Amino acid sequence: MDERPKKVSLVLAVNGERFELPCVDPSTTLLHFLRSETCFKSPKLGCGEGGCGACVVLVSKYDPNLKKVEDFSVSSCLTLLCSLNGCSITTSEGLGNTRDGFHSIHERFAGFHASQCGFCTPGMCMSFFSALVNADKANKPDPPPGFSKLTSSEAEKAITGTFSFAADVDIEDLGFNSFWKKGDSKEVKVSKLPPYDPKNFSTYPEFLKSESTTNSESSRRYPWYSLVSIEELRSLLNSNVTENGASFKLDVGNTGTGYYKETQRYDLYIDLRYIPEPSIIKRDQTGIEVGATVTISKLISFLKEENKVNLGSYGTLVSQKLASHMEKIASPFVRNSASVGGNLVMAQKIGFPSDIATLFLGLGATVRLMTSHGFEKFTREELLSRPLLDSRTVLLSVCIPFKQDQSSLQIHSKFLFETFRTAPRPHGSALAYINAAFQADVSLCQKGLLINNIQLAFGAYGTKYATRAKKVEEYLTGKILNIHVLYEALKLVKLEVVPEDGTLHPEYRSSLAVSYVYKFLHPFTDVHSAISGGLLNGISDISVEELSKSCNDGCISQGREQTLLSSAKQVVELSTEYYPVGEPMKKVGAAMQAAGEAVYVDDIPSPPNCLHGAFIYSTKPLAGVKGIQLESNRSTDGVTTIITSKDIPSGGANVGVITMSDPEPLFADDLARCAGDRIALVVADSQRSADVAARTALVEYDTENIYSPILTVEEAVEKSSFFQIPPYMNPKQVGDFSKGMSEADHKILSAEIRLGSEYYFYMETQTALAIPDEDNCMVVYTSSQCPENMHHVIACCLGVPEHNIRVITRRVGGGFGGKGVRSMPQYKLRRPVRICVNRHSDMIMTGGRHPMKVTYSVGFKSSGKITALHLDILMNAGITEDISPLLPSNVIKALKKYDWGALSFNVKLCKTNLTSKSAMRAPGEVHGSYIAEAIIKHVASLLSMEVDSVRNKNFHTFESLNLFYDNIVAVGEYTLPSIMDKLAVSSSFFQRSKMIEQFNQNNIWKKRGISRVPIVYEVMQRPTSGKVGILQDGSIVVEVGGIEIGQGLWTKVRQMTAYALGLIDSSWPEDLVEKVRVIQADTLSLVQAGFTAGSTTSETSCEAVRLCCDTLVERLTPLKKQLQEQNGSVDWPMLIRQAQAQSVSLATNSYYVPESGSMSYLNFGAAVSEVEINILTGETAILQSDIIYDCGQSLNPAVDLGQIEGAFVHGIGFFMHEEYLTNKDGLMVSNSTWTYKIPTIDTIPQNFNVHVVNSGHHEKRVLSSKASGEPPLLLAASVHCAARAAVKAAREQLKLWGKLDGSVSEFYLDVPAILPVVKTQCGMDFVEKYLESLLAQKSN
């Protein structure tokens, strides 16, 4: 073949606009192209791994033979641009925008209050749009007007939660929204929804259909070959192009780079998708042949299709099971690109923990390879055991054989097939702890069920490849299945399925293997002989799952089929007293966020000659830095320089963070003090070059003559390594501890609680753009919660006056405290420099939540009343002080929610060689509230009392509350007792508690627990500034100190402005709302702005604006009266025109300083959560959560409702999911979306009910409002407490069998209570103990 790359342009369309690219670097991703070469910025870089969905777009391909358009969603951060020749790309702004009008998806996202920070909302919209487009192509009945053919189930899988387009959804279940009002009929509600018409949008422009779509080779330096035959592929692989040491890459979907980061560029890219042979799927009675380039999504669709050929019962069963299992692999927008062959090759060559490899191994699949010797066939097992595939060996197809009916010698032979996986997220987008595929040939004989043949394949459990448990298979083959045989087989499973050294949670993975084999075979033991006989007579091949569902003796309890989000009830109590304040208005700019037009820092176009930076960080906890060497390769072309502490300008200081006392250095000098410490900044002409250079940089360390690092609080105590807590920050103790202990009937001494760290996981990573300006000035655009602090730091670092620096922040894509004081200042090289810290580096360098060790002693009466509590708290603050001195007070304040009698404590801030821990949503309070619950549970367990009873015994009276909180609560403001009473009724707490007792008695393998948890959360207002100006046309511009980070601050400020100016005329506020625009924060325009944290910035910003408006009202009211006397009536535009004419000042600023006596106040709320645990796997499902929260008179109930729900779900992450792992040097290793799992729709409550209480007037609050951003996070402890109750029920089961090692109730459930934690406390050998109890019964 002609080996010279052809000069063919790449042609594609983006939102209907044609792009022709004559020269493209084939390593360019679609996301990079969209964001750097087009005006379309809605796809965002959230992780670069295909794990977050922020970058999702719709790809549309035209098949000229079928004359059909195929539409599917993809992760644009992984998709290579050259693979899209002839394709059409649709982004969210292509659906609709502010200029052309928003799409109904955008309008419904906004109207249902479905956007918070908005960073990832455009990607969610495109995932949903992809599902809509494909549903409307389906052969289904036409839906009612305004709806689509999409079902709620399909909507769940696409967007997981927004069902307002689904025709089968009950309109009453759609939740709180801005479209209709209470009392509207169903017909009226439907009519008010933004209309949806699928005919109004075309995803593929006509002009592309006539374009050539064959090849897309680009430049000669980086050629891209799109081949169309196997012969072409063989010729190319054996040509001079590839044999002269050139590197090349075989490409289908490029999704593997989301897991294995590439640091090289290839000489040659070979696109395999247009070769017919590996892109075919065939199925008949003998089996399924799957081409290697077939995407996982296409294989799933194919397996689900009704087949005209009679596959036999086994073939049908296998197809159904494979499809169901594969739907839990990755996410739809990854499966749409990821190929079956690529997945298998990664498993063989790199040891990827593949589900597909295990499935195919369990089915005895064969693979067809093209090697240098020709075409060869191997079984999947042979492929895994042979040497690694070389670069010229290509996987062409996989063949899955079907067992033939009656293939066994036994006349009544039947086939069983089942697959298993257990992962942090049950519905996918998470690697499994272990997966499995089992098949068996069984027959019924007089003595029971005979196993003629069995295959047990396990994978992803900590070995390089999937394996067969051959010793177990050999033992079982030829055996008649009974309890004893199963028990012996499970002992072999535990010996054979053993993870390699270094694997995380090895015992848990082996235990899961036991659970899988038990679940597969137990239904056919002699315990179920009658059922087995009935099921095996007269039917063909069966699924173990179907059999399990038929077992009604409590041994296998399926419970209800788990849905993602079954229902939600949202109740808000509205107030019109300060209209439009109090109205549940849509969040400002929500539709714009959904359309992708909201501008974040990385959306600002790079100025000419812009450079890009990436940090090199230390991987050692304490080491000298002798030198840095960059790896030389083409991926690091374009590196300009490396900046270290030595490059700080004369007069400047090496400072990166300034908080309470000692600043944190920007760069390590000659000594790196923690793993993750910033050593240098690589500056290059592209972000990719900078990132690769930083990732591959070699740092030479020197550890001689350096003390051992301090990594734990115990080591800090041993070496007296502490930060001092200023005396004025020390919380106050209550009562006399010694006296309280002397009054106690019982005591618990020196019990321990440990709490780990947590990463912020904002969707937008740390980002900034610095642009040099005239006269040695600089403008910095940043994603900071505290631009003022960043302003000060940059000036100090550069050694320039602060008026030389301007910091601008428009909005932030999520913060959670992580962008409060830990933003990354930029350096200047007399050229613009921007940094968008990649997710991996962001997770390693940012500190996160404070880990703690708590030792407590408590005295209590036999009634459950606690008389005294003492705590020794060791907080791991990391290497610098940061805001850590604030935490002791926060912990104790939250812990004081109960009346402890006497309370004493000793808190130490430990200085360690870890990254500096900083403020994170509810810093310290989440620890304190949980510690209180853990102590209450411990007391209850020792007294054998209900936990809720002990809570009630120690609930505050009004008097004791004020004793513990320094008389902070006014008469009538202590609403927590009434909240707890209301919640007990609305959640049916006591009735459900009894039902759960009954459930647990009747079910062995699933247990439930329920818990009711209160919170008391003290917040403090801080001074902040505001500015209001009225322009000539009457429009109003507002600046505030608070930053919009998704909490609805701008929306509340807008409402407050309209209310306050509307005091001039009571008929104006509704119109004034639309005239208000809140603009970006600018540190030279608005000084003393403060920082956005602590949940009170919205209300203080509103109060600052109200002060401004009061001044303007004072100026304008006399003029209005004068005009009324002259003209009879006055409207707003007339008033402003006359004010301009009469030189009335229409601009003012203010500085709100809270009164010392009303600066702090308490927030109250309570939650009831019910969970169900699966003892076989340790999985926890939150069946229902009910929340009642007191917002005072909410400034915007819709916004506050979102904050309450969001904070609660955030708390679920901390208590149940987010495993923060470090290596022996303290370096974070769970540093990607693959390894760090925040809550998603399949891990939040299946029923989620929230009641926002309007508790009336609060004289010293801002229009009687109260905070909502952080306090509800503490309520998520109810989920952990409920999980503990369920685990306790499992331990009671063991006790009933006489198999419990230890106490039923005295155990500690770690935080987070991830699957291995839950299963550990239930018993890793629960299955074996169950079988032992059965064997003991038989022997008796």
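Treat the numbers as computed from the prediction; the structure is a model and nothing was measured.
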Salt bridge (charged side-chain N to carboxylate O under 4.0 Å, His left out) between D1186 and K982, intermediate numbers included: CA-CA 11 Å; D1186 296 81; K982 284 181 184 176; over 6 Å; no
Side chain to side chain donor-acceptor pair (under 3.5 Å) assessment of S148 paired with D136: CA-CA 7 Å; S148 77; D136 287 325; 4.6 Å; no
Working for side chain to side chain donor-acceptor pair (under 3.5 Å), residues Q1021 and E1099: CA-CA 8 Å; Q1021 293 183 341; E1099 65 198 61; 2.8 Å; yes
Stepwise ring-ring contact (aromatic ring centres under 6.0 Å, His included) check, F176 with F112: CA-CA 7 Å; F176 191 60; F112 281 98; 9.9 Å; no
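For F1248 and F1208, the ring centers are positioned less than 6.0 Å apart. Ring centroid separation for the pair Y1189 and H1251 does not come in under the 6.0 Å cut-off. Within the 6.0 Å centre-distance limit, the rings of F201 and F129 are counted as a close aromatic pair.
For the residue pair S42 / E93, a side-chain donor-acceptor distance below 3.5 Å is found, with atom types taken as modelled. A donor-acceptor contact closer than 3.5 angstrom is absent between the side chains of K587 and S115. Of the N and O atoms on the side chains of T1051 and N1196, not one donor lies less than 3.5 Å from an acceptor on the other residue.
Taken from OG in S1185 to CD1 in I1212, the straight-line distance is 5.5 Å, to the nearest 0.5 Å.
Inter-residue side-chain proximity for I1045 and T1092 is flagged as met; some heavy-atom pair is nearer than 4.5 Å. At least one side-chain heavy atom of Q1047 sits less than 4.5 Å from a side-chain heavy atom of Q1203. A 4.5 Å side-chain heavy-atom check between E973 and H1258 finds at least one atom pair inside the cut-off. Counting heavy atoms from C-beta on, the side chains of I1182 and T1243 never come closer than 4.5 Å.
Paired with V56 under the rule side chain to side chain contact (heavy atoms under 4.5 Å, CB included), one option of P332, S130, S127, S92 passes, and it is S127.
Take S575 and apply the side chain to side chain donor-acceptor pair (under 3.5 Å) test, not counting sequence neighbours, and it matches Q1193. H956 pairs by the ring-ring contact (aromatic ring centres under 6.0 Å, His included) definition with F964, not counting sequence neighbours. R951 pairs by the salt bridge (charged side-chain N to carboxylate O under 4.0 Å, His left out) definition with E933, D948, not counting sequence neighbours. With sequence neighbours left out, the salt bridge (charged side-chain N to carboxylate O under 4.0 Å, His left out) criterion links K569 to no other residue. Contacts of F1215 classified as ring-ring contact (aromatic ring centres under 6.0 Å, His included), with partners at least two apart in sequence or in another chain: Y930.
The ring pair (Phe, Tyr, Trp, His ring centres under 6.0 Å) analysis of residues 1051-1077, with sequence neighbours excluded, yields the pairs Y578-Y1059, W1068-W1132.
The backbone N or O of V1073 sits less than 3.5 Å from a side-chain atom of R1054, completing a donor-acceptor pair. A donor-acceptor pair under 3.5 Å is absent between the side-chain atoms of D981 and the main chain of A984, judged by distance alone. A donor-acceptor pair under 3.5 Å is formed between the side chain of R1012 and the backbone N or O of M980. Q1184 places no side-chain N or O within donor-acceptor distance of the main-chain N or O of Q1246, the cut-off being under 3.5 Å. Formation of a donor-acceptor pair under 3.5 Å by the T1117 side chain with backbone atoms of V1113 is found in this model.
In terms of heavy atoms, V1013 sits closest to C1281 at CG2-SG, 4.1 Å.
Within 6.0 Å of CD in Q1124 there are more than 12 heavy atoms belonging to other residues, nucleotides or ligands. Applying the 6.0 Å contact sphere to CE of M995 captures no more than 12 heavy atoms from other residues, nucleotides or ligands. By the neighbour-count criterion of 12 heavy atoms within 6.0 Å, atom NZ of K1260 is sparsely surrounded, having that number or fewer from other residues, nucleotides or ligands.
Between E1172 and R1008 there is a salt bridge, since at least one side-chain N of the basic residue sits less than 4.0 Å from a carboxylate O of the acidic one. Contact check on D1131 versus K1120 returns no salt bridge, with no Lys/Arg side-chain nitrogen under 4.0 Å from an Asp/Glu carboxylate oxygen.
By the 6.0 Å and 45° rule, R921 does not stack over the aromatic ring of F816.
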